[in-house]
Amino acid sequence: MSGLAMPRSDEKTLARRAEIVAALRGIVPGEGVVETVNEMRAFESDGLTAYRQLPLVVVLPETVEQVSHILKYCGEHGIKVVPRGSGTSLSGGALPLEDAVLLVMSRFNRILEIDYPNRVAVVQPGVTNLGITIAVQEDGFYYAPDPSSQIACSIGGNVAENSGGVHCLKYGLTANNVLGIEMAMMNGDVIRLGGKHLDAEGYDLLGIMTGSEGLLGVVTEVTVRLLKKPDMARALLIGFPSNEEAGQCVADIIAAGIIPGGMEMMDGPAIRAAEAFVHAGYPLDVEALLIVELDGCEAEIDHLIGVVEKIAIGNGSITCRISQSDEERLAFWAGRKAAFPAVGRISPDYYCMDGTIPRKQLPRVLAGMRQLSEQYGLRVANVFHAGDGNLHPLILYDANNPGELEKAEAFGADILRLCVKVGGVLTGEHGVGVEKRDLMPEMFNETDLDQQMRVKCAFDPEHLLNPGKVFPQLRRCAELGRMHIHQGKMPFPDIPRF
Amino acid sequence: MPVTVFTPTSSEDVLSAVHSALAEEAPLEIVGHGTKRGIGQAVQTAHTLNLSGLVGVTLYEPEELVLSAKAGTALAAIEQLLAEHRQELAFEPMDYGPLFGGAAGSGTIGGTLAANLSGPRRIRAGAARDHILGIHAVSGRGEAFKSGGRVVKNVTGYDLSKAMAGSWGTLAIVTDLTFKVLPAAEAETTLAIRGLTDDRAANAMAHAMGSSAEVSGAAHLPLLVAGSVAAGLLAGDAATLLRIEGVPPSVAFRVSRLKDLLKAAGAMQEIAGEESRRLWRDIRDCVPFSDEKDRAKPLWRVSMAPSDGHRMVDALRREAPVNTFYDWQGGLIWLMMEADPEAATLRSLIRRHGGGHATLIRATASQRAAIPVFEPQSASLAQLSARLKEQFDPKSILNPGRMGF
Ligand SMILES: Cc1cc2nc3c(=O)[nH]c(=O)nc-3n(C[C@H](O)[C@H](O)[C@H](O)COP(=O)(O)OP(=O)(O)OC[C@H]3O[C@@H](n4cnc5c(N)ncnc54)[C@H](O)[C@@H]3O)c2cc1C
């Protein structure tokens with residue numbers, strides 16, 4: 001691991017491995033406990049493949065009671081637990097620890113209930129994101145958040161990462177599309193938050209859980225919102241001579257009061273790589289390409305297409321094609337959807353970043369990236385969820401060249417620092433995990449981070465759940481709880497009062 | 001001890017107020033404009049921290065869809081500013097003022113988040129929690145912290161901004177807020193179906209919401225309530241209301257589709273433009289139960305799965321005299337009790353009909369003292385909530401007891 005410090009392994013736990021395996025077998029019978037090195041290899045990393053570690057043991061429970069018992073047992077014995085869904089995290093959120101039980105939720109793969117009058121589905125956390133849509137699409141419904149990994153990633157992992165996708169601009173992130181969860185806590189308690197009703201009661205623990213990266217509890221059931229599929233969708237493929245014009249076009253579309261179903265942008269290197277790979281018919285004489293997709297009823301789309309086209313031309317577009325059929329619309333998307341593998345073809349390895357910036361900072365950030373690219377001697381291609389400012393720079397490198405992975409990582413870190421500097425954030429949808437953990441102080445000061453860790457203390461006071469992720473330095477809850485009362489006296493000398 | 005009111009004008013003032021409160025172990029009641037002061041368990045503190053002097057919009061970039069303001073900024077001022085740019089807070093925050101006899105148009109942006117306000121558009125656009133992007137706050141530990149940012153897509157660290165939603169000032173004092181804002185619809189039309197019983201209305205609403213007409217408001221006003229919105233526009237019969245918003249050609253198309261879809265349901269009428277807006281404002285603010293003569297009557301706000309709501313109400317009607325209307329396709333039930341609050345009966349019926357929760361919004365002081373205002377939680381959930389409170393406010397100096405702990 002390139003310089004990444006993980007929590008020190010607990011020798012006592014390592015020494016008790018056989019006993020722990022036996023105890024887990026007592027909770028989950030049959031095939032549910034995996035302990036041989038060969039079989040555990042499949043779990044040694046997630047989507048951030050640069051980092052690998054064999055877990056202490058892998059357990060694949062099938063019932064909520066088993067999850068609860070496993071956590072209770074581990075909690076009582078001070079054993080760490082790393083939850084895992086499908087293992088597609090791009091930030092190393094599901095990276096195992098040598099002394100931790102890897103709790104894999106993939107056997108929770110059933111859809112429990114589909115309720116059309118209330119437009120919700122109740123599913124187990126191991127169901128894939130796309131699996132939900134597949135279960136309801138014949139009836140004209142779908143689940144809106146659509147990460148590119150949707151055929152593989154689990155809805156439990158989506159909740160843990162607050163995942164997004166192309167359609168999140170109009171339809172919201174995971175957090176806006178989940179109404180309830182059931183979760184098991186490190187002490188074995190099983191709790192329900194929210195449900196089919198729209199407002200959860202009490203503190204917004206559901207909001208805290210969403211995006212908490214498996215550090216607070218293990219999600220055992222999810223209630224998601226279903227949406228009716230729009231009548232139709234049409235897309236515009238718009239080429240610009242530079243990123244500035246494309247960026248201004250995006251701003252003008254939104255200023256005109258239009259929130260497209262999707263609005264994606266690619267820069268020159270990404271366009272050329274994608275075109276060479278899938279031959280989507282992308283123009284090659286442009287430096288920026290926008291895909292604007294409008295969905296809804298025909299009357300609305302006809303109206304808005306005209307408005308968007310006018311805005312594009314007003315911003316100096318070189319090309320502007322409007323899809324005349326669903327095949328053509330999908331062809332527009334084909335290049336964008338294949339952007340990652342396309343870049344994979346022109347470089348032995350690539351490293352996908354995930355910062356978000358205020359949209360208007362795009363030209364500045366892209367210029368900064370070009371400069372960094374020269375400085376590091378590594379190429380970079382950009383795909384961009386333009387509507388919501390979420391950048392995915394792909395850094396091209398060759399892991400076989402000694403030192404190049406480290407260089408790519410340093411380049412990536414500099415890009416994220418730049419994102420923060422212009423008012424953005426370290427991660428828009430991939431999570432902090434281990435990858436961006438040590439960059440957290442770029443965005444938060446010690447007080448900010450301490451308060452986040454205190455939330456962790458409310459859920460998992462011994463820091464047993466997924467330690468080593470998100471926080472650069474875990475502080476003990478007792479220490480975090482200490483208070484320094486400032487000596488001050490009423491009446492408030494410097495506060496206006498009446 | 002006389003109540004002292006402090007009115008900070010900066011976040012530094014808020015911080016030193018909390019420091020002093022901690023030093024003296026003298027809890028603070030946190031208020032904005034005080035429009036929602038009647039909600040929750042009554043708070044009795046020696047000092048009040050009034051945030052209405054902490055004002056100002058600090059950032060508004062319409063083409064970036066983002067607005068930041070200090071916590072005491074009037075919601076009305078923000079809505080006015082947004083309207084000038086044809087934008088809005090899409091979650092349509094309700095105004096609690098009139099329910100308690102206050103003037104309409106009061107309330108702060110901080111209170112909007114603390115109470116997790118929303119409105120009829122909740123069924124499409126969510127609540128304040130779904131639109132908050134970032135905060136600065138002072139915890140009950142006397143520490144200023146921030147969370148989130150100013151961009152929509154952000155998973156950097158725990159979402160403490162959402163943690164503030166619906167926390168009623170019991171975790172931290174939010175001093176600065178950043179919200180996502182959205183374009184306001186150019187046009188709107190409401191389709192009113194007349195004369196439906198509650199159960200037929202629930203069916204019609206489910207049908208409409210399950211269509212691609214993109215309904216952005218679905219409410220049912222039973223006969224007794226229909227006349228008390230929009231200056232009597234709907235008097236005479238029950239009204240089931242479906243709102244369509246968007247660009248004019250789209251609205252026309254979707255309204256005609258909806259009429260087609262529901263033509264067998266009952267007689268219909270279209271209400272457009274300003275009249276439609278007025279109608280939904282009245283529903284949003286619970287105007288039917290704001291009348292002065294009713295102000296002593298207990299009022300519940302119940303949240304359930306939309307299709308369960310009317311069944312629970314039907315069962316409740318057999319137990320107690322109650323007046324009611326529905327928003328959110330039937331999932332938000334406003335219940336005005338003609339006599340006693342009937343908390344135990346109501347809550348057990350909610351449990352029996354699929355679950356959800358009831359909040360006693362308006363009641364006499366003695367009723368609020370005797371009845372848990374917020375839905376009692378299971379033991380393990382209550383413990384978790386209490387631990388969270390302790391992590392933000394270990395000495396319990398912020399609105400102690402407001403949420404029952
Ligand atoms: C090719 C590719 C494309 C991608 N595209 C996108 C994209 O467009 N948008 C996007 O947002 N992400 C994207 N991702 C990232 C990833 O798919 C998401 O983060 C996804 O939500 C992870 O789900 P998972 O089931 O694979 O979770 P894992 O990778 O198994 O775990 C992720 C995190 O969630 C925790 N976790 C998993 N299950 C649970 C549970 N049941 N309870 C508690 N914690 C749990 C883990 O501990 C870990 O911290 C992409 C990944 C790949 C490989």
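Within every chain, numbering begins at 1; the chains are lettered A, B, ... in the order of the sequence lines, protein sequences first and strands thereafter. Since the structure is predicted, the reported quantities are computational estimates derived from the model, not experimental observations. Both backbone and side-chain heavy atoms feed into the values below; hydrogens, waters and symmetry mates do not.
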Got a salt bridge between [X] and [Y], using NZ or NE/NH1/NH2 to carboxylate O under 4.0 Å?
{"X": "B:Glu63", "Y": "A:Arg359", "value": "no"}
{"X": "B:Lys153", "Y": "A:Asp354", "value": "no"}
{"X": "B:Arg141", "Y": "A:Asp450", "value": "no"}

Distance in Å, [X] [atom1] paired with [Y] [atom2], rounded so as to fall on 0.5 Å steps:
{"X": "A:Asn162", "Y": "B:Lys162", "atom1": "CG", "atom2": "NZ", "answer": "6.0 Å"}
{"X": "B:Phe145", "Y": "A:Arg454", "atom1": "CZ", "atom2": "CZ", "answer": "9.5 Å"}
{"X": "A:Lys196", "Y": "B:Asp308", "atom1": "NZ", "atom2": "CG", "answer": "7.0 Å"}
{"X": "A:Glu201", "Y": "B:Met403", "atom1": "CD", "atom2": "CE", "answer": "10.0 Å"}
{"X": "A:Arg119", "Y": "B:Gln329", "atom1": "CZ", "atom2": "CD", "answer": "4.5 Å"}
{"X": "B:Gln391", "Y": "A:Met453", "atom1": "CD", "atom2": "CE", "answer": "11.5 Å"}

Validation row: B:Arg150, A:Pro358 side chains within 4.5 angstrom (heavy atoms) | yes

So do B:Ser385 and A:Leu205 actually touch side chain to side chain, heavy atoms under 4.5 Å?
-> yes

Between B:Asn154 and A:Thr356, does any side-chain donor sit less than 3.5 Å from a side-chain acceptor?
-> no

Any donor and acceptor pair, going by atom type alone, linking the side chain of A:Arg192 with main-chain N or O of B:Leu381 inside 3.5 Å?
-> no

B:Asn116/A:Asp204 under side chain to side chain contact (heavy atoms under 4.5 Å, CB included): CA gap, chis, key distance, verdict = CA-CA 9 Å; B:Asn116 190 29; A:Asp204 194 351; 5.5 Å; no

What part of [X] gets closer than 4.5 Å to chain B, counting heavy atoms only: side chain, backbone, both or neither?
{"X": "A:Lys229", "value": "backbone"}
{"X": "A:Ile357", "value": "backbone"}
{"X": "A:Asp199", "value": "both"}

Please determine, among [options], the option with the most heavy-atom pairs under 4.5 Å with chain A.
{"options": "B:Lys389, B:Glu214, B:Glu186", "answer": "B:Lys389"}
{"options": "B:Gly148, B:Ala206, B:Ala382, B:Ala305", "answer": "B:Ala305"}
{"options": "B:Val151, B:Leu332, B:Val247, B:Asp159", "answer": "B:Val151"}
{"options": "B:Ile123, B:Val152, B:Asp130", "answer": "B:Asp130"}

Part of residues 248-255 of chain A lying next to chain B, heavy-atom separation under 4.5 Å = A:Ala251, A:Ile254, A:Ala255

Heavy-atom distance under 4.5 Å to chain A: side chain of [X], backbone, both or neither?
{"X": "B:Ser211", "result": "backbone"}
{"X": "B:Glu390", "result": "neither"}
{"X": "B:Met205", "result": "neither"}

Quick one: do B:Phe374 and A:Tyr203 satisfy ring pair (Phe, Tyr, Trp, His ring centres under 6.0 Å)? Show the steps, please.
-> CA-CA 11 Å; B:Phe374 296 97; A:Tyr203 291 138; 9.5 Å; no

